[in-house]
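Atoms considered below: every heavy atom in the structure, side chains included; atoms not considered: hydrogens, waters and symmetry mates.
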Protein chains: 2
Amino acid sequence: MLSEKPLLPSVPFRECPIQVSLGVLGRKWTMLILRDIGFLKVDRFNQIMRATPGLTPRILSLRLSQLEEAGFLRRVETDHSVRWALTDKGEDTLPLLLGFIEFGSKWNADEVFEDKRPRRLSELFPGLPLRKVA
Amino acid sequence: MLSEKPLLPSVPFRECPIQVSLGVLGRKWTMLILRDIGFLKVDRFNQIMRATPGLTPRILSLRLSQLEEAGFLRRVETDHSVRWALTDKGEDTLPLLLGFIEFGSKWNADEVFEDKRPRRLSELFPGLPLRKVA
DNA sequence: CTGCATCCGATCGGATACTG
DNA sequence: CAGTATCCGATCGGATGCAG
């Protein structure tokens, strides 16, 4: 994949896109909250709490506001309850999460799978539409 | 991309692969250090410091040991100097980093590019070999 | 039960100085 | 050049309380 020389973009970066992406996204629990909402379809406060062992209400509340503020989530108030929905920007983080699923399924198979055998995304999600990335 | 129902893998996860991937990887500065070594080809302690404004020697030292311990990096001692190299596992994080580059180039274009115009990976790195993922 | 707020100890990260 | 040591503030996590 790599040569000896720096990989330079055709248009220079004013700021590193990796660094600017890692605002809220880089904080603890954030990715897992996006996983809950985006993949597990768990979109209410205490459901997210139950889906994410170790997460406390204080941190969840904090991250939800930060994610809303940064435009990843939308707070949806329906009759007597609150739901959290992904915005378009939030949905665009799901490929990043799939990247981590792929990585973990390959390099941490012993913890991820009962039989400890590494697996690829195509095996885990046979029907998933594939997109070209890198 | 999404339905209303949870996205379930063909083989159940014993632990969430996203969560297990986010050990050292999820800590502050880790991704940028991997960027320095993997993309910028900056592989020495003080070079990494200079390439990463805000990073302090204490944290860099800490992250390098953690990354080495977790199998992402190899410490290479050559004549009178130390270099840090990616292992195979470390190289496999580069697609994740490209994901963040793609994300930031789309959603934070105002900070990333002088002309504030969002760009795709294929425009930024025309020659980059593309692989199907998700 | 849901969606927080408050307090408080533990851990993490930043600043600075210093060494082989 | 390649890190350590020390100190301190910021953030995190755990327990508890509380209103709707």
message: So for B:Arg58 and D:dG3, does any side-chain atom that can act as donor or acceptor lie under 3.5 Å from a complementary atom in the base?
response: no
Whole angstrom value for the distance that separates [atom2] of [N] from [atom1] of [X]:
| X | N | atom1 | atom2 | answer |
| --- | --- | --- | --- | --- |
| B:Asp79 | D:dC1 | CG | C1' | 13 Å |
| B:Ile33 | D:dG3 | CD1 | P | 12 Å |
| B:Glu77 | D:dC1 | CD | P | 16 Å |
| B:Ile48 | D:dA2 | CD1 | C1' | 11 Å |
| B:Arg83 | D:dC1 | CZ | P | 12 Å |
| A:Met49 | C:dA5 | CE | C1' | 14 Å |
| B:Leu73 | D:dG3 | CG | P | 12 Å |
| A:Arg44 | C:dC1 | CZ | P | 12 Å |

- line: Taking for A:Ile59 and for B:Leu62 the nucleotide of DNA chain D with the nearest heavy atom, the one nearer the 5' end belongs to B:Leu62
- prompt: Quick one: on DNA chain D, does A:Leu55 or A:Arg27 contact a more 5' nucleotide (nearest heavy atom)?
  reply: A:Arg27
Verify the contact: side-chain N or O of [X] to OP1 or OP2 of [N], cut-off strictly under 4.0 Å; return yes or no.
| X | N | result |
| --- | --- | --- |
| A:Lys28 | C:dT11 | no |
| B:Ser61 | D:dT4 | yes |
| A:Arg63 | D:dT11 | no |
| A:Trp84 | C:dT2 | no |
| B:Asn46 | D:dC1 | yes |
| A:Trp29 | D:dG13 | yes |

- prompt: When B:Leu67 is tested against each of B:Leu62, B:Val24, B:Leu86 for side chain to side chain contact (heavy atoms under 4.5 Å, CB included), which residue passes?
  reply: B:Val24
- line: What one should report as the nearest heavy-atom pair of A:Phe103 and B:Ser21 is CD2-OG, 3.9 Å
statement: For A:Val76 and A:Ala85, the nearest pair of non-hydrogen atoms, with its separation, is CG2-CB, 4.1 Å
- request: Take the angle between the ring planes of A:Phe100 and B:Phe100 and call it parallel below 30°, perpendicular above 60°, tilted in between.
  value: perpendicular
task: Among D:dA2, C:dT2, D:dG14, find the nucleotide with the atom closest to the side chain of B:Val82.
output: D:dA2
- request: From the options C:dC4, D:dA2, D:dT4, select the nucleotide whose nearest atom is closest to the side chain of A:Arg75.
  value: C:dC4
task: Would you please say whether a donor-acceptor pair under 3.5 Å links the side chains of B:Gln66 and B:Arg63?
output: yes
